[in-house]
Amino acid sequence: MTIKLSSQHKKMSFSLQKLKNGFKRQGPIVWCVLDGYGLGKDDPNVNPIIAAKPTHLNSLIDTAKEQHLFKAIRAHGAAVGLPYESDMGNSEVGHNAMGCGQIYHQGTMLVDESFSSGKMFETDNWKKVVGECGKHNKTLHMFGLLSDGNIHSHMHQIFQLIDGAVKSSVKKIRVHVLLDGRDVPPESGLVYINRIEEKLASLSASGVDGKIASGGGRMYCVMDRYNSDWSIVRRGWNMMVHGHVEAADISGFYPGYFKTATEAIEKCRQLHPDKKDQYNLPFVIVGEDGKPIGKMEDGDVCINWNFRGDRAVQISRAFDEPNSTFTFFDRGVIPKVKYAGLLEYDTEVHIPNTYLVPPPEIHNTLSEYTCANGITAYAVAETHKYGHVTYFWNGNKSGYVNQSMELYECVDSLPNSETESHPEMKAVEVTDKILAALQSKKFQFLRMNYANPDMVGHTGNFDSCVRAVQCIDKQVARLAAEIEKQKGVLIITADHGNVEDKTQKGDKTSHTTADVLFTITDYSYNGEYTLVADGVKPDGEPEGPGLTNIAATVLNLFGFEAPESYRKSLIKFK
Ligand SMILES: O=C(O)[C@@H](CO)OP(=O)(O)O
Ligand SMILES: [Mn+2]
Ligand SMILES: [Mn+2]
């Protein structure tokens, strides 16, 4: 697929032209994202959505289909700025795409480009960080998600970093591995461990001592997001920086300190067969003398190889910030380590201080246009997805676009570990919040995210997935009833697939490449428009439709022409 890219640097004026035909919807417009709700097979044995029989959602979809206000749209691969058609969608690229109406080369693509051209290895930051490490014979530490899921990280990029470090004369590398099991099969960790161990062993031919120094599951060590649970970051910090496993994670059966990563993972699986890679207990590798082989020392360097920001921000703060602002846990004696992220993770508050590849510069977001054109906006989600409808939505910037025009609200999530047993999560409370916002009549444009289909989808548990879908079905009915009362518009879509493709065995935990639904329920619909017909591409575009076409569609519903730089609206006026 050839994709015309948005200019990365062009800034536009934000005032919009009114539609020439005078069309405009008066009521509130609500954009509801069902996170991870893809269009799957019509088979209740593999698709929890079919098994759940979501009657309210189905009836909204059926009506939209009759009115030609329903489409299946693309949410993966090139349509959201990812390098390969085999790349499943994810929340970052999906919410970026929905929130900016344009296709940008996403982080992983920018990393691939700057690694393969060799550009990154010539940058001042690379020389300052890794070059100096080689020159002064210090240890290079590297950590991140050990995976080729291409959502937070990719193995081939990790290997390219290692090769680059060897070329820059680094002689000692210590790797801290976070097991995935969420973007790749749930118990595939040892496959990736073997691959990286082989790679590290091959370095000895060049006189480089490379070893795994510590590790643990991504959802239990390091990769928290949106300040949901700082103990996850603390556990990871202690194992990676201090070579220390916390007492609560140690038992007679699982001593926490091991000779090899494989031994640690196998022990953990015996102890907790239900936990799988994502929740693997932390482990630290020790040498013959029983001492950790990869504690961080003054003068060492540490690279975070994850390119995606949400789960990289908190650990970056732990490395970068002084005690005066970092109050989340006691970091102990902090070694003077030079830290670099693969990308800049938050482009508004600039986290981390040092990064290796410039991130996508997402300009001209929908929020900038709505704020500039007098449209008041509201956003809500529970903690696990709060940043998705704010930070990702606004192009990886964490603050408000215009606080006098917007309100963002967050409902506290339950801990991750309770998602499987409480698949209802906080959907009721999120709905309560948006209903209150609607009833306040303060907002014209309201967006929200139901976390359940995605978060429960990641547990792989089929029955929990069915309950998750049934729960959001009820909540969507509550939401729709209020929007109907206010003669507003309800848009339902999803950022990528996940929940629609599961097994009874529970061994499918990842996102998918499925298309997602796009449905408009317009409670003052009078046949004035439809969506572009099936098989027809949005105006003059070579491909599509996809998530990036929604923003222009929404601006049309507000009575505006979409800006030139946006992917085309899906609306056809009669
Ligand atoms: O949990 C996450 O970090 C990702 C999967 O790695 O899911 P999502 O993109 O839906 O946030
Ligand atoms: Mn998502
Ligand atoms: Mn997900």
Side-chain angles (χ1 to χ4, degrees), residues 32-38 75-76 80-82 87-99 106-108 144-154 178-186 188-189 192 217-226 228-229 232-233 276-279 306-315 345 381-393 396 413 415-417 419-420 423 425 447-460 464-465 468 472 493-502 508-514 516-517 547:
C32 171
V33 179
L34 309 179
D35 206 297
Y37 195 93
H76 76 285
V80 286
L82 294 171
D87 283 325
M88 52 201 171
N90 69 71
S91 288
E92 178 185 44
V93 301
H95 287 78
N96 282 173
M98 290 188 282
Q106 283 290 344
T108 183
L145 190 62
L146 191 69
S147 171
D148 51 14
N150 215 11
I151 288 183
H152 294 269
S153 65
H154 202 295
L178 305 174
L179 304 186
D180 186 352
R182 193 170 172 90
D183 306 332
V184 294
S188 56
Y192 298 98
R218 57 175 282 176
M219 300 300 280
Y220 194 59
C221 307
V222 179
M223 287 174 65
D224 186 37
R225 66 178 167 201
Y226 309 142
S228 165
D229 181 356
I232 297 170
V233 187
K276 313 274 180 337
D277 292 352
Q278 301 185 50
Y279 290 95
N306 286 359
F307 48 74
R308 174 164 144 174
D310 56 345
R311 297 188 184 277
V313 161
Q314 286 167 257
I315 189 71
Y345 300 129
E382 62 173 281
T383 318
H384 296 314
K385 300 288 175 180
Y386 173 69
H388 291 28
V389 289
T390 55
Y391 153 82
F392 283 153
W393 192 272
N396 299 346
S413 284
N416 282 311
S417 52
T419 305
E420 190 168 344
M425 302 177 68
R447 60 184 187 267
M448 66 179 307
N449 177 303
Y450 283 123
N452 317 53
D454 179 68
M455 293 296 286
V456 183
H458 282 303
T459 69
S464 299
C465 287
I472 58 159
T493 190
D495 53 342
H496 53 80
N498 180 343
V499 75
E500 79 288 354
D501 186 14
K502 296 294 147 205
K508 272 195 182 171
T509 51
S510 65
H511 296 175
T512 67
T513 53
V516 298
L517 76 170
L547 290 178

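Just so we're clear, the structure is a prediction, and the values are computed from it rather than from any experiment. The first residue of the sequence shown is numbered 1, and numbering continues consecutively from there. One-based numbering, in listed order, for ligands and for the atoms of each.
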TODO: Look up atom CG in D277 and atom CG in D180, then write down how far apart they are to the nearest 0.5 Å.
DONE: 8.0 Å
TODO: Please check if any side-chain donor atom of N416 sits under 3.5 Å from a side-chain acceptor atom of Y220, or the reverse.
DONE: no
- [ ] Please check if any side-chain donor atom of N449 sits under 3.5 Å from a side-chain acceptor atom of H95, or the reverse.
- [x] yes
Open item on the list: Is the ring pair Y391/Y226 parallel, tilted or perpendicular, if the boundaries are 30 and 60 degrees?
Closed with: perpendicular
Open item on the list: Residues around ligand 1, heavy atom under 4.0 Å from any ligand atom, sorted by chain and number. Can you pull those?
Closed with: D35, N90, S91, I151, H152, R182, D183, R218, R225, R308, R311, K385, H388, D454, H458, H496, H511
Open item on the list: Can you list everything that forms a salt bridge (Lys or Arg N to Asp or Glu O under 4.0 Å) with D183? Sequence neighbours excluded, please.
Closed with: R218
Task: Minimum-distance atom from the Mn ion (ligand 2) among N, O or S atoms of D495 - done: OD2
Task: Centroid-centroid distance, F307 to H154, less than 6.0 Å - done: no
Task: Pairwise distance NE2(H496) to CG(D454) - rounded to 0.5 angstrom - done: 4.5 Å
Task: Main-chain N/O of T512 paired to N498 side chain as donor or acceptor, under 3.5 Å - done: no
Open item on the list: Do V80 and Q106 make a side-chain contact, defined as non-hydrogen atoms from C-beta onward lying under 4.5 Å apart?
Closed with: no
- [ ] Using the test ring-ring contact (aromatic ring centres under 6.0 Å, His included), find all partners of Y37 that sit at least two apart in sequence or belong to another chain.
- [x] none
Task: Contacts of the Mn ion (ligand 3) with protein N/O/S atoms, counting only those under 2.8 Å - done: D454 OD1, D454 OD2, H458 NE2, H511 NE2
